[in-house]
Trainee: 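One structure, as structure tokens, below. Some questions next.
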Amino acid sequence: MKSLQEQDPELNKYLELETERQNLNFELIASENFASRATIEAMGSVLTNKYAEGYPGKRYYGGCEHVDKVENLARERAKKLFNADWVNVQPHSGASANAAIYLAYMKPGDTLLGLDLAHGGHLTHGSPVNFSGITYNAQFYGVEKKTGRIDLNIVREKAKEVQPRMISIGASAYTRDFDYEGFRDIANEVGAFLWMDMAHTAGLIAAKVLNDPLPYSDVVTTTTHKTLRGPRGGMILVGKDHENRLGVVAPKSGRVKNISEVLDSAIFPGTQGGPLMHVIAAKAVALGEALQPDFIQYQKQVKLNAKKMAESFIERGYSLVSGGTDNHLILVDLRNKGLNGKIAEEALDRAGITVNKNMVPFDTESPFVTSGIRIGTPALTTRGFKEEEFTEVVRLIDKVLQKPTDESNLADVKKSVQEMCKAFPLYNFTTV
Ligand code: DSN
């Protein structure tokens, strides 16, 4: 058989260009990271050929003896990493994992209470343009205008008012940790299920540098490619003693028997067909990496770097939503600099710095323009950047934002970005 280069030079060229982009740019998108060579190798394996609908030991296809072992390995590693009773590693993505949660816990028209997308939530937490907001009665809590933080008293009031069947926690642009015990109390008070979507923070939670949602949530979903640093995909987890707590916390729904079976069938056959066994193998590799001691050090550094970035931006007169960060990301409100997210994202892109424009709470701009940029440290921390390098990253971002239309300024910054990237080499391969 031919190599990719021999078979399809045009496509191969695009892969080479993307590898070069990743190698030579500052990757600061908070939801992105750099998977290991071993993880990428598993994803590019012959497991892509195998159909394995069902679960280990109960498949609808023959020849599953090896992929059963792969899936069990991924499940056992995930359980150990998160101290979970049960896990499903088949979701193709975070959104697929979340779709299964709705199928398992809600009926069409039931009420969800989630964090407003415009305040840092996620599309699948009830946005009107997503299946979750179309199919269910989505109600929202937000952050306080003054603090940029969630106030549980306001969440409690809203929960009492709308009587949700399920409360979701989790965000794509919230810079503070969550009080899971407080949310649990509210869920208990109104008889709702509690679901945490830890897609952004799973790696930090695994390393115990953020609060752990599993002891308090009925169910937890995640992606595997953000701070967890695995392949693109999702997982569903249930913490210890979940079966016993379920009937107590959700009296309205009656006691659900064997929630793990309900959740498994919500993935297959409920919302997905054949699992992506090559990606499940890569999840096993990444989860194995996350069980190593150096992963904890990595996550501590992700947090230290975000804190350093926040301090450096504040020293340079920038305004941060919530005034700082507890996790891996910061949200910069650019209005006091006379800029918007679109201008900033485009100028930074031209200088080799990749961020995304992002709504800030109570934004006055549209989602296509926005008043902010979201910046995360996981990817550059994987590269080896520490506080000193992140101070320089902020200096370079500031240099761009001071003269965002000055092409020679942008070219100067790009040169510095590339020099720093070369000093911290990343991938020396395009395909493995
Ligand atoms: N697209 C992800 C993010 O950037 O946060 C959320 O799904």
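If you read the sequence from its start, that first residue is 1, and numbering goes on from there. Heavy atoms only: backbone and side chains are in, while hydrogens, waters and symmetry mates are out.
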Trainee: Please answer whether the main-chain N or O of L329 pairs with a side-chain N or O of T175 as donor and acceptor at a distance below 3.5 Å.
Mentor: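 Absent.
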
Trainee: Table please: side-chain donor-acceptor pairs of residues 122-129 below 3.5 Å, with sequence neighbours left out.
Mentor:
unit_1	atom_1	unit_2	atom_2	d
H122	ND1	T124	N	3.2
H122	ND1	T124	OG1	2.7
T124	OG1	N98	ND2	2.9
H125	NE2	D197	OD2	2.9
S127	OG	V129	N	3.3

Trainee: Could you tell me whether the side chain of T39 and the main chain of P231 form a donor-acceptor pair under 3.5 Å?
Mentor: no

Trainee: Please find out if less than 6.0 Å separates the ring center of Y141 from that of F183.
Mentor: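 They qualify: ring centres under 6.0 Å apart.
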
Trainee: Using a 4.5 Å cut-off on heavy atoms from C-beta on, say whether the side chain of M198 contacts that of L237.
Mentor: yes

Trainee: For R350, check salt bridge (Lys or Arg N to Asp or Glu O under 4.0 Å) against everything at least two apart and list the hits.
Mentor: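 Applying salt bridge (Lys or Arg N to Asp or Glu O under 4.0 Å) to R350 gives E407.
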
Trainee: Quick test of your reading of the model: are E157 and K160 salt-bridged, counting only N-O distances below 4.0 Å?
Mentor: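 Salt bridge between E157 and K160, a charged N being under 4.0 Å from a carboxylate O: no.
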
Trainee: Give the intermediate values and the outcome of side chain to side chain donor-acceptor pair (under 3.5 Å) for residues S319 and D333.
Mentor: CA-CA 5 Å; S319 165; D333 185 338; 4.8 Å; no

Trainee: On the six-membered ring of Y427, is R37 placed so that its NZ or CZ lies under 6.0 angstrom from the centre and within 45° of the ring axis?
Mentor: no

Trainee: Is the distance between the ring centroids of F268 and Y60 under 6.0 Å?
Mentor: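 So the answer is yes for these two rings.
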
Trainee: Taking only residues two or more places apart in sequence, or in another chain, which ones meet K158 in a salt bridge (Lys or Arg N to Asp or Glu O under 4.0 Å)?
Mentor: none

Trainee: Let me have the donor-acceptor pairs involving side chains of residues 287-295, under 3.5 Å, with sequence neighbours excluded, atom names and distances please.
Mentor:
unit_1	atom_1	unit_2	atom_2	d
E289	OE1	S36	OG	3.4
E289	OE2	S36	OG	2.6
Q292	NE2	G288	O	3.2

Trainee: Should V220 and I236 count as side-chain neighbours, where that means a heavy-atom distance under 4.5 Å?
Mentor: no

Trainee: Can you confirm whether the side chains of R374 and N356 place a donor and an acceptor under 3.5 Å from each other?
Mentor: yes

Trainee: Answer yes or no: is there a donor N or O on one side and an acceptor on the other, between the side chain of D218 and the main chain of V238, under 3.5 Å?
Mentor: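 Looks like no, no N/O pair under 3.5 Å.
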
Trainee: May I have the step-by-step check of side chain to side chain donor-acceptor pair (under 3.5 Å) for W195 and S217, ending in yes or no?
Mentor: CA-CA 6 Å; W195 157 40; S217 311; over 6 Å; no

Trainee: Side chains of I29 and E27: closer than 4.5 Å at any heavy-atom pair?
Mentor: yes

Trainee: Can you list the residues that meet the salt bridge (Lys or Arg N to Asp or Glu O under 4.0 Å) rule with K300, with sequence neighbours excluded?
Mentor: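 K300 satisfies salt bridge (Lys or Arg N to Asp or Glu O under 4.0 Å) with no residue once adjacent residues are dropped.
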
Trainee: Report the residues that fulfil salt bridge (Lys or Arg N to Asp or Glu O under 4.0 Å) with D151, sequence neighbours left out, ordered by chain and then residue number.
Mentor: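 D151 satisfies salt bridge (Lys or Arg N to Asp or Glu O under 4.0 Å) with no other residue.
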
Trainee: To the nearest 0.5 angstrom, please state how far the SG atom of C64 sits from the CD atom of E53.
Mentor: 10.0 Å

Trainee: I want to check something: taking the side chain as every heavy atom from C-beta on, are H328 and V209 in contact at a cut-off of under 4.5 Å?
Mentor: no

Trainee: Are the side chain of T271 and the backbone of A266 linked by a donor-acceptor contact shorter than 3.5 Å?
Mentor: yes

Trainee: Going by an N to O cut-off under 4.0 Å, is there a salt bridge joining E189 and R156?
Mentor: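 Result for this pair is yes, salt bridge flagged.
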
Trainee: Is R149 paired with D179 through a side-chain N to carboxylate O contact shorter than 4.0 Å?
Mentor: no

Trainee: Quick one: does P56's side chain get under 4.5 Å of K69's, heavy atoms only?
Mentor: no

Trainee: Ignoring hydrogens and geometry beyond distance, is a side-chain donor-acceptor pair present between E16 and T19 at under 3.5 Å?
Mentor: no

Trainee: A side-chain contact here means heavy atoms from C-beta on lying under 4.5 Å apart; do N83 and L214 qualify?
Mentor: no

Trainee: Sequence neighbours excluded, which residues qualify as side-chain contact (heavy atoms from CB on, under 4.5 Å) partners of E18?
Mentor: R21, Q22

Trainee: Who are the side-chain contact (heavy atoms from CB on, under 4.5 Å) partners of D177, not counting sequence neighbours?
Mentor: Y180, L210, N211, D326

Trainee: So among T325, I373, N358, which one has a side-chain contact (heavy atoms from CB on, under 4.5 Å) with L331?
Mentor: N358

Trainee: E365: what forms a side-chain contact (heavy atoms from CB on, under 4.5 Å) with it, not counting sequence neighbours?
Mentor: D363, V369, S371

Trainee: Could you note down all residue pairs passing salt bridge (Lys or Arg N to Asp or Glu O under 4.0 Å) where residues 92-119 supplies at least one of them, sequence neighbours left out?
Mentor: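 As it turns out, the salt bridge (Lys or Arg N to Asp or Glu O under 4.0 Å) pairs with a partner in residues 92-119, which skip direct neighbours, are D110-R165.
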
Trainee: Looking at residues at least two apart in the chain, or sitting in another chain, which of them share a side-chain contact (heavy atoms from CB on, under 4.5 Å) with Q272?
Mentor: Q90, P91, H92, S96, I267

Trainee: For residues N12 and E10, is any side-chain donor paired with an opposing acceptor at under 3.5 Å?
Mentor: no

Trainee: Under the side-chain contact (heavy atoms from CB on, under 4.5 Å) rule, what do F140 and L115 come out as? Steps first, then yes or no, please.
Mentor: CA-CA 5 Å; F140 300 102; L115 176 60; over 6 Å; no

Trainee: Taking CZ in R383 as the centre, count heavy atoms belonging to other residues, nucleotides or ligands within less than 6.0 Å. Is the count above 12?
Mentor: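 Enclosed.
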
Trainee: Under a 3.5 Å cutoff, is there a donor and acceptor pairing between the side chains of Y298 and T382?
Mentor: yes

Trainee: Does anything in residues 347-368 pair up under ring pair (Phe, Tyr, Trp, His ring centres under 6.0 Å), and if so which pairs, sequence neighbours excluded?
Mentor: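 Those involving residues 347-368 are H119-F362.
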
Trainee: Using 4.0 Å as the upper bound for N to carboxylate O, is an ion pair formed by K79 and E76?
Mentor: yes

Trainee: Minimum heavy-atom separation for T227 and G203, please, with both atom names.
Mentor: OG1-N, 2.9 Å

Trainee: Using the salt bridge (Lys or Arg N to Asp or Glu O under 4.0 Å) rule, pick out the option among R59, R77, K58 that qualifies with E71.
Mentor: R59

Trainee: Could you go through T381 and N305, starting from their C-alpha distance and side-chain angles, then the distance that decides it, and tell me whether this counts as side chain to side chain donor-acceptor pair (under 3.5 Å)?
Mentor: CA-CA 8 Å; T381 306; N305 289 344; 3.0 Å; yes

Trainee: Is there a side-chain contact between Y136 and T111 (heavy atoms, below 4.5 Å)?
Mentor: no

Trainee: Output yes when K308 and E387 qualify as a salt bridge under the 4.0 Å nitrogen-oxygen rule, no when they do not.
Mentor: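 Salt bridge between K308 and E387, a charged N being under 4.0 Å from a carboxylate O: no.
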
